Amino acid sequence: MNNFFRRTLTGAGIVVFILGGFWLHPLSFFLTGLILLTGSLYEYYRITGGKGTQPRTVSGILTGSAVYIISTLCAAGIIEKKWLLLAIPIVFAIIISELYRKEENPFDNLAHTFFGILYCVLPFSLFSFSSFEHNGIGSLLKHGDLIFSPGIVIGFFLLVWANDTGAYLTGMSIGKHKLFERISPKKTWEGFCGGLIAAVIAAWFLGAWLGVVGRISWIFIALIVSIVGTYGDLVESMLKRSYGIKDSGSILPGHGGFLDRFDSTIMAFPVVYLFILLFA
């Protein structure tokens, strides 16, 4: 099977997994986000676990998962937000435990451990806050009395895919001027503009159906997805170049790993959530 068909089949599987998982039910929404979080965080630790650095992989993933679980429970109104403060003693425990590891670069280890949590956990933890206690398109299965709409997350991924598709097709067709050649030689300004236009057009048509926020707000979200998502892609490329690797993983044939596939999400979604919180 050549790379094009492998990439196409994997891409179709990703779409089904993301849309099905986040749209089906609040429980599947929670589990889908947890899978993306742990997969991305594991890849980050695997990449950075070299050149004299040994991040706390198990502790970091457990801490990130705990923050995600507590965030979901808070967003759903099951527990109060003060329970998020439980992250403080967990962080201190990781710092203190580094005293007993006798590793060569303890503060490098801690820096990568906590940056991985910030980089991977924050974006996916905000998914729940954008969905619970919001009205819009509902889940496919009934879920009791919870106020829940996955509209923001579903719309966000649809815009990411519209942007990626527009950028790829435009860049392949007429791309000539390099966007950031030092980090990502294949990206072009033409591809960036094509992706932005595709995302804005998609937002115009999807806005009325998705709900949660108005159509104009969805257009601004499309702009954030295109601009900040591109930076997210570049940052992940910078990470890989720093460690001399091509892909963050191999779990997604033709697409690399979780970080390769969701790098734009990691940077763009927090900004999208901030925009909704402040302006929409």
Side-chain angles (χ1 to χ4, degrees), residues 29-76 79 81-101 103-132 153 156 228-229 231-240 242-243 245 248-249 251 256-274 277:
F29 181 99
F30 163 79
L31 293 175
T32 302
L34 184 61
I35 291 170
L36 299 185
L37 181 154
T38 54
S40 299
L41 191 53
Y42 171 77
E43 287 183 355
Y44 177 83
Y45 288 147
R46 188 183 62 82
I47 292 171
T48 57
K51 297 184 179 181
T53 303
Q54 296 296 326
R56 305 297 300 271
T57 301
V58 175
S59 299
I61 291 176
L62 289 176
T63 301
S65 299
V67 170
Y68 175 80
I69 292 169
I70 295 172
S71 296
T72 302
L73 294 175
C74 289
I79 62 175
K81 292 181 180 179
K82 65 182 180 182
W83 286 99
L84 284 169
L85 295 175
L86 285 175
I88 295 175
I90 297 175
V91 167
F92 286 166
I94 293 175
I95 295 173
I96 293 171
S97 66
E98 191 67 27
L99 290 168
Y100 299 93
R101 293 183 76 199
E103 295 286 348
E104 187 175 341
N105 301 301
F107 280 93
D108 289 350
N109 300 338
L110 290 172
H112 275 298
T113 299
F114 291 125
F115 181 77
I117 293 173
L118 175 65
Y119 181 56
C120 298
V121 176
L122 174 64
F124 295 115
S125 294
L126 291 177
F127 279 9
S128 295
F129 286 104
S130 72
S131 301
F132 287 98
V153 175
F156 173 84
V228 183
Y231 277 111
D233 195 342
L234 291 170
V235 167
E236 198 251 352
S237 294
M238 180 173 65
L239 171 66
K240 292 187 293 185
S242 299
Y243 287 88
I245 61 174
S248 66
I251 193 170
F258 283 97
L259 285 178
D260 294 317
R261 187 64 268 175
F262 301 106
D263 49 7
S264 56
T265 298
I266 287 172
M267 290 285 285
F269 194 81
V271 182
V272 167
Y273 179 74
L274 181 62
L277 201 63

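Remember, it's a predicted structure, so these values are computed and weren't measured experimentally.
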Item checked: Test log, rule side chain to side chain contact (heavy atoms under 4.5 Å, CB included), inputs Leu110 and Ile94 -> CA-CA 8 Å; Leu110 290 172; Ile94 293 175; 4.1 Å; yes
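- Between Arg56 and Thr63, the side chains place no donor N or O within less than 3.5 Å of an acceptor N or O (distance only, hydrogens not considered).
- With hydrogens and angles ignored, the 3.5 Å screen pairs no side-chain donor or acceptor of Tyr243 with any backbone N or O of Gly49.
- The ring pair (Phe, Tyr, Trp, His ring centres under 6.0 Å) test applied to Tyr45 returns no partner, not counting sequence neighbours.
- The salt bridge (charged side-chain N to carboxylate O under 4.0 Å, His left out) check on Glu43 picks up nothing, with sequence neighbours excluded.
- Other residues, nucleotides and ligands place more than 12 heavy atoms under 6.0 Å from the CZ atom of Phe114.
- Leu37 contributes atom CG, which lies 9.5 Å from atom CD1 of Ile117 (distance to the nearest 0.5 angstrom).
- With contacts defined as side-chain heavy-atom distances shorter than 4.5 Å, the pair Leu84/Cys74 qualifies.
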Next item on the list: Show your working on side chain to side chain contact (heavy atoms under 4.5 Å, CB included) between Leu259 and Ile47 and close with a plain yes or no.
Entry: CA-CA 11 Å; Leu259 285 178; Ile47 292 171; 4.2 Å; yes
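- Across every non-hydrogen atom of Asp260 and Gly249, the tightest pair is OD2-N, 3.9 Å.
- Shortest non-hydrogen contact noted between Ile245 and Ser248 is CD1-CA, 4.4 Å.
- Between Ser131 and Val153 the shortest heavy-atom distance is OG-CG2, 3.7 Å.
- Phe269 approaches Ser130 most closely through the heavy-atom pair CZ-OG, 3.5 Å.
- Under the 3.5 Å distance criterion, the side-chain polar atoms of Thr38 are matched with a main-chain donor or acceptor of Ile35.
- Other residues, nucleotides and ligands place no more than 12 heavy atoms under 6.0 Å from the OH atom of Tyr42.
- Annotation: the span from Tyr273 atom OH to Leu277 atom CG amounts to 5.0 Å, rounded to 0.5 Å.
- Taking both residues in full, the closest heavy atoms of Gln54 and Arg101 are given as O-NH1, 3.0 Å, listed atom of the first, atom of the second, then distance.
- The distance from the CH2 atom of Trp83 to the CG atom of Leu73 is 11.0 Å, given to the nearest 0.5 Å.
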Checklist line | Worked check of side chain to side chain contact (heavy atoms under 4.5 Å, CB included) between Phe258 and Cys120 | finding: CA-CA 11 Å; Phe258 283 97; Cys120 298; over 6 Å; no
Notebook entry, point to check: Do Thr53 and Asn105 pass the side chain to side chain donor-acceptor pair (under 3.5 Å) test, and can you show the C-alpha distance, the side-chain angles, and the key distance before you say yes or no?
Noted result: CA-CA 6 Å; Thr53 303; Asn105 301 301; 5.4 Å; no
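- In Ile251, the CD1 atom is not crowded: 12 or fewer heavy atoms of neighbouring residues, nucleotides or ligands sit closer than 6.0 Å.
- One finds the CD1 atom of Ile61 at 5.0 Å from the CG atom of Leu41 (value rounded to the nearest 0.5 Å).
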Pairs under 3.5 angstrom only: tabulate donor-acceptor contacts from the side chains of residues 122-129 to other protein residues two or more places apart or in another chain.
| residue | atom | partner | partner atom | Å |
| --- | --- | --- | --- | --- |
| Ser125 | OG | Val121 | O | 2.9 |
| Ser128 | OG | Thr72 | OG1 | 3.1 |

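- Phe132 contributes atom CZ, which lies 6.5 Å from atom CZ of Phe29 (distance to the nearest 0.5 angstrom).
- Judged purely by atom type and a 3.5 angstrom limit, Arg46 has no side-chain atom pairing as donor or acceptor with the backbone of Thr57.
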Next item on the list: Assess whether side chain to side chain contact (heavy atoms under 4.5 Å, CB included) is satisfied between Phe156 and Val272, documenting all intermediate values.
Entry: CA-CA 9 Å; Phe156 173 84; Val272 167; 4.0 Å; yes
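- Donor-acceptor pairing under 3.5 Å is lacking for the side chains of Ser264 and Asp233.
- Ring-plane geometry between Tyr119 and Tyr44 is classed as tilted, the angle between the planes lying from 30 to 60 degrees on a 0 to 90 degree scale.
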